[in-house]
Amino acid sequence: MAQDKGPRYDRWYFSLMAPNTKGDKFAWLDPTSIYINGKAYHDLLDDLVADLDADEIDVIAGLDAMGFVLAAGIAARIGKGFLPIRKPGKLCVDTDSASMTNYSGQTQSMEMRLPAFAPGTRVLLVDQWVETGGTMHGAVQLVEQQKGTVAGMVAIVMEENDNTKSYREKYKVVTAIQPGTEWQRQANAQYLESFKTYKPEMAFPI
Ligand SMILES: O=P(O)(O)OC[C@H]1O[C@H](OP(=O)(O)OP(=O)(O)O)[C@H](O)[C@@H]1O
């Protein structure tokens, strides 16, 4: 029997996200379990693509590493190209660099090929998850350094804080978990009630 998606504010695939079992050095959850299951991954892409206007986007930038998975999926769905924004030292071509501090508290750089696009190009930024917003800040800098325009931001969720509030005010932000919902509240608290019943088998592909 086909899995019912559930309402937009309470999609079934949200509860496939896995809790951290490795402690403080790691992110508090792992959304990649969604990607294992074809129905879940495509229901997620359906939700993200539904709120995008392809006519307002020239290229989809994915943030290293797991942002690549969603960015490439969205690019394929809406017929756009894919631009990787990478962690440092990965690209073997000329690069621009931007500094950012993420949830771990460490300041790192991010890199994008130079040049990547013509001035005025509209770039959609896609990441898996936005916690502090630091990684997105690095990506915004890279786009603006090459005189591109940020066409919007996409993630499974954007936790709510001062950084991300400014993103919602300034850009079109599309998230699977939407503001004002119980799932958003739990994401802000960095604990999902679904962790209590989560089992890896729930995401198995068959
Ligand atoms: O909003 P922030 O505090 O910057 O955190 C969000 C970033 O952290 C996670 O990636 P991570 O750097 O752990 O790398 P990964 O994609 O390789 O798992 C996530 O996918 C974002 O890229």
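For ligands, and for the atoms within them, numbers begin at 1 and follow the listed sequence.
Ring orientation note: the planes of Tyr191 and Phe195 are nearly perpendicular, at an angle over 60° on the 30°/60° scale.
Of all protein heavy atoms, the one closest to atom 7 (C) of ligand 1 is Thr135 OG1, 3.6 Å. Among all non-hydrogen protein atoms, the one lying nearest atom 8 (O) of ligand 1 is Tyr103 CE2, 3.1 Å. In terms of protein heavy-atom proximity, atom 6 (C) of ligand 1 is nearest to Trp129 O, 3.3 Å.
Between Val123 and Ala61 the shortest heavy-atom distance is CG1-CB, 3.6 Å. For the pair Thr132 and Tyr103, the tightest heavy-atom approach, listed with the atom from each and the gap, is CG2-CA, 3.7 Å. Annotation for Ala71 and Ile60: closest pair O-CG2, 3.7 Å, computed over non-hydrogen atoms.
Geometrically, ligand 1 and Leu63 share no nitrogen or oxygen pair separated by less than 3.5 Å. At under 3.5 Å, not a single nitrogen or oxygen of Thr101, backbone or side chain, sits near a nitrogen or oxygen of ligand 1. Polar contact with ligand 1: present for Met66 (N/O pair, distance under 3.5 Å). Backbone and side-chain nitrogen or oxygen atoms of Gly133 are examined, and one is located within less than 3.5 angstrom of a nitrogen or oxygen of ligand 1.
In this structure, atom 10 (O) of ligand 1 is not in close contact with the protein, since no protein heavy atom lies within 4.0 Å of it.
For Asp127, every heavy-atom contact with ligand 1 shorter than 4.0 Å involves the side chain, none the backbone. For Lys87, every heavy-atom contact with ligand 1 shorter than 4.0 Å involves the side chain, none the backbone.
Annotation for Asp162: atom CG does not count as buried by contact number, only 12 or fewer foreign heavy atoms lying within 6.0 Å.
Applying the 4.0 Å criterion to heavy atoms of Gly134 picks out, from ligand 1, the atoms 1 (O), 4 (O). Listed by number with element, the atoms of ligand 1 under 4.0 angstrom from any heavy atom of Asn102 are 3 (O), 4 (O), 12 (O). Listed by number with element, the atoms of ligand 1 under 4.0 angstrom from any heavy atom of Thr132 are 1 (O), 2 (P), 3 (O), 4 (O).
Checked for salt-bridge contact, Lys80 and Asp58 miss the test: no charged N lies under 4.0 Å from a carboxylate O. A salt bridge is defined here as a Lys NZ or Arg NE, NH1 or NH2 lying under 4.0 Å from an Asp or Glu carboxylate O, and Lys147 with Glu144 fails to meet this definition. Between Lys172 and Asp51 no salt bridge is recorded (no basic side-chain N to carboxylate O distance below 4.0 Å).
Between the side chains of Trp183 and Glu193, not a single donor N or O lies within less than 3.5 Å of an accepting N or O.
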